[in-house]
Engineer: 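Dropping the structure in here first, questions after.
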Amino acid sequence: MQTLMVKTERRTQLLDVTAQVQKAVSATKISKGICYLYAPHTTAGIVINECADPDVARDIESALDRLVSKTGPYRHSEGNADSHVKSVLVGGSQTVFVEEGRLALGRWQGIFFREFDGPRERKLMVKVLPE
């Protein structure tokens with residue numbers, strides 16, 4: 001297993017980590033298998049979505065902000081209750097097939113670390129298992 005460090009710059013951010021994950025996959029020398037991704041944080045997540053147009057990331061961020069307001073009402077009093085809710089909606093893990101040593105993503109797909117309570121330095125755990 002490898003742990004990638006991800007540094008976010010804003011409170012909420014969709015950060016493309018595809019190249020970092022591919023580098024971790026390549027380092028395993030596994031040609032065919034499964035790549036498991038896990039964000040061990042309660043206010044962050046990991047998603048796969050379009051990486052060709054940066055407006056998609058902004059649209060996703062705006063939509064989540066409209067769905068889950070920052071101000072609540074919430075019982076959790078640390079000021080980041082919305083971040084916990086968004087993390088639950090997005091999810092903290094993803095699975096990607098590995099074919100010929102490469103992530104088997106679709107043409108427009110990328111892997112994004114989803115920050116909801118930044119800026120912070122976060123971990124993204126990557127585990128690749130052979131078929």
Engineer: Side chains of S26 and Q22 only: does a donor on one sit below 3.5 Å from an acceptor on the other?
Structural biologist: yes
Engineer: To the nearest 0.5 Å, what is the distance between NE2 (H76) and NE2 (H84)?
Structural biologist: 3.5 Å
Engineer: Does the side-chain contact (heavy atoms from CB on, under 4.5 Å) test come out yes or no for V128 and I34, once each step is laid out?
Structural biologist: CA-CA 6 Å; V128 183; I34 297 177; over 6 Å; no
Engineer: Which value, rounded to the nearest 0.5 Å, describes the distance between I46 atom CD1 and L15 atom CG?
Structural biologist: 9.5 Å
Engineer: Please name the residue in the list V96, L105, I111 that meets the side-chain contact (heavy atoms from CB on, under 4.5 Å) test with V21.
Structural biologist: I111
Engineer: According to salt bridge (Lys or Arg N to Asp or Glu O under 4.0 Å), who are the partners of E61, at least two apart in sequence or on a separate chain?
Structural biologist: R10
Engineer: How long is the straight-line distance from NE2 of H41 back to OG of S83, given to the nearest 0.5 Å?
Structural biologist: 13.0 Å
Engineer: Among Ile, Leu, Val, Met, Phe, Trp and Tyr joined by side-chain contacts under 4.5 Å, find the other residues sharing a cluster with F112 and list them by chain and number.
Structural biologist: L14, V47, V56, I60, L64, L67, V68, Y74, V85, L89, V90, F116
Engineer: Are any side-chain N or O atoms of R114 and backbone N or O atoms of Q13, one a donor and one an acceptor, separated by less than 3.5 Å?
Structural biologist: yes
Engineer: Under the side-chain contact (heavy atoms from CB on, under 4.5 Å) criterion, do T28 and Q2 qualify, and how do the steps go?
Structural biologist: CA-CA 10 Å; T28 68; Q2 297 178 57; 3.8 Å; yes
Engineer: Can you see which heavy atom on C35 is nearest to which on V126, and at what distance?
Structural biologist: SG-CG1, 3.8 Å
Engineer: Just do the side-chain contact (heavy atoms from CB on, under 4.5 Å) check on K32 and E100 with the steps written out, would you?
Structural biologist: CA-CA 6 Å; K32 196 170 193 170; E100 298 178 9; over 6 Å; no
Engineer: Using atom types as modelled and distance alone, determine if a side-chain donor or acceptor of T8 lies under 3.5 Å from a backbone N or O of R120.
Structural biologist: yes
Engineer: Closer than 4.0 angstrom, basic N to acidic O: yes or no for R11 and D82?
Structural biologist: yes
Engineer: Hey, could you give me the CD/CG distance between Q94 and L37, rounded to the nearest 0.5 Å?
Structural biologist: 7.5 Å
Engineer: For atom CD of E121, is the number of surrounding heavy atoms from other residues, nucleotides or ligands below 6.0 Å larger than 12?
Structural biologist: yes
Engineer: Are V17 and Y38 linked, directly or through other ILVMFWY residues, by side chains that come within less than 4.5 angstrom of each other?
Structural biologist: no
Engineer: Pairing donors with acceptors under 3.5 angstrom, does anything connect the side chains of T43 and R122?
Structural biologist: yes
Engineer: Other members of the hydrophobic cluster containing W108, with the 4.5 Å side-chain heavy-atom rule, please.
Structural biologist: none
Engineer: Write down the atom of C51, the atom of D16, and the distance for their closest heavy-atom approach.
Structural biologist: CB-OD2, 3.9 Å
Engineer: Give a yes or no on whether the backbone of D117 and the side-chain of E115 come within a donor-acceptor separation of less than 3.5 Å.
Structural biologist: yes
Engineer: Using a strict cut-off of less than 4.0 Å between a Lys/Arg side-chain nitrogen and an Asp/Glu carboxylate oxygen, indicate whether D65 and K86 qualify as a salt bridge.
Structural biologist: yes
Engineer: For G79 and K70, work out which heavy atoms get closest and say how close.
Structural biologist: O-NZ, 4.4 Å
Engineer: Which heavy-atom pair separates V25 from G101 by the least distance, and what is that distance?
Structural biologist: CG1-O, 3.8 Å
